[in-house]
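Comments concern the structure below.
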Amino acid sequence: MSHATNITALRSDFPILAERVNGQPLTYLDSAATTQKPAAVIAAIADYYRHDNANVHRAAHALADRATAAFEEARRKVQKLLGAQRAHEIIFTRGTTESINLVAQSHGGHRLRAGDEILVTELEHHSNIVPWQLVAARKGAKVLAVRVTANGEIDLDDLDSKIGERTRIVAVGHASNALGTINPVDEIVRRAHDAGAVVLIDGAQATAHLDIDVAALDVDFYAISGHKAYGPTGIGALYGKESLLESMPPWQGGGEMIETVTIEHTTFNRLPFKFEAGTPHIAGAIGFGAAIDYLAAIDAQALANHEATLLRLVTDRLAQTEGVRLIGTARDKVSIVSFLLDGQHPHDVATLLDQQGVAVRSGHHCAMPLMQRLGIPGTVRASLGLYNSPADVDRLVRAVEKTRALLT
Ligand SMILES: *Cc1c(COP(=O)(O)O)cnc(C)c1O
């Protein structure tokens, strides 16, 4: 599988896509919730348990050496994926949620003072809102949100009016899981830094679709999840600038994160281990590394073209479908479409689509403030991955048409 340009052929790398659901072939359109996993990732995890399993960084035996080498190699793969300058700027976590909680509790808990402000946006996933509320309540700080326009873009004028000398942290998604909007993160980083704030980017929806370069972006923290980018669940990473990570206190105590311990006092391990208390998800990290290798072997331009073509197709077809109202029509989007059908509840629509073999997501997509802003209870969301094809779009549109006939 070297530099595949025939993206359509990659579908067969994903064994689960041969499953039948409700007596139908599967059309999987829920990759924004979690992507399916290629055989190479599944094999990497199984191979690790079959051949190399041991705890990392401690024991002096051959398996421990192999496990440690594979785990640290996975870290270097994440480093390369994100464009970080140093491997120890990559902290393994359970995923985007844990990465953001780490920054909120450690950096926020250490630095925030009463009256300080944390700026998020109305577009954020709950994972990029609630951790900030928790630390804000503890420190007497405040969480403010930048407004989103009716078509689902961040209002940069509102950002300018809300960013100020009290702003300590700006936390914003790279791409919206609910609408697909790609945010102008370079511009946001620049404006936040001009105001003296540090910036965290929630990259959960960017990893599978966009080029990420934390060094070029000059971003302070970047959070990702393996499972949103063809890797396993339960593993993700936090990139943090070395100087910031060095200045932050540990957030969880335990094995691995220490240097010396007495009953009275502990000195802490160096980066990245200071933030990795306990036995890590070794198999998960290795599977994540295999997913990064899998993506890296695909021609990036061909993949971008494939997804852009599918997004255009699904957007145009749904826009022409009677009763469909598209929600979120930003100019720059990853391959996600949200819509409503004739005032029907999104859950009813999704249930009927499922009966026709089409797996979509319905509801608020962990973005209740956004739904409140748009004045809707939720949406039906179709999110496409590299394994989807025009045939999947066609099956979705036909199933939506049939659903409309059944419901009205
Ligand atoms: C999925 C997602 C998260 C949360 O990721 P977890 O893997 O569940 O921790 C956060 N933000 C966005 C934009 C997401 O799509």
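Each ligand, and each atom within it, is numbered from 1 in the order the structure gives. Side-chain atoms are counted along with the backbone in the values below, which use heavy atoms only and exclude waters and symmetry mates. By convention here, the first residue in the shown sequence is residue 1.
- Just one of Thr329, Asn177, Thr379 meets the side-chain hydrogen bond (donor to acceptor under 3.5 Å, both in side chains) condition when paired with Ser338; it is Thr379.
- Between Asn177 and ligand 1, a contact under 3.5 Å exists for no N or O pair.
- Here Phe71 and His57 bring their ring centres to under 6.0 angstrom of each other.
- Between Lys228 and ligand 1, at least one pair of N/O atoms sits closer than 3.5 Å.
- Ion pairing between Arg76 and Glu73 fails under the 4.0 Å rule for side-chain N and carboxylate O.
- In the vicinity of Ser225, heavy-atom distances shorter than 4.0 Å reach the ligand 1 atoms 5 (O), 6 (P), 7 (O), 9 (O).
- Annotation: salt bridge (Lys or Arg N to Asp or Glu O under 4.0 Å) contacts of Arg94 (sequence neighbours excluded): Glu98.
- Compare Ile336, Asp202, Ile224 by their heavy atoms: the one nearest to atom 13 (C) of ligand 1 is in Asp202.
- Between Gln205 and ligand 1, a contact under 3.5 Å exists for at least one N or O pair.
- Looking at Glu124 against ligand 1, nothing comes within 4.0 Å, counting heavy atoms.
- The protein heavy atom nearest to atom 8 (O) of ligand 1 is Thr97 OG1, 3.7 Å.
- Contact atoms of ligand 1 toward His227: 6 (P), 7 (O) (distance under 4.0 Å to a heavy atom of the residue).
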Let me see the working for Leu63 and Arg66 under side chain to side chain contact (heavy atoms under 4.5 Å, CB included), right down to the final yes or no. CA-CA 5 Å; Leu63 288 185; Arg66 284 188 342 224; 3.4 Å; yes
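- For the pair Lys162 and Asp158, the salt-bridge criterion is met [side-chain N within less than 4.0 Å of a carboxylate O].
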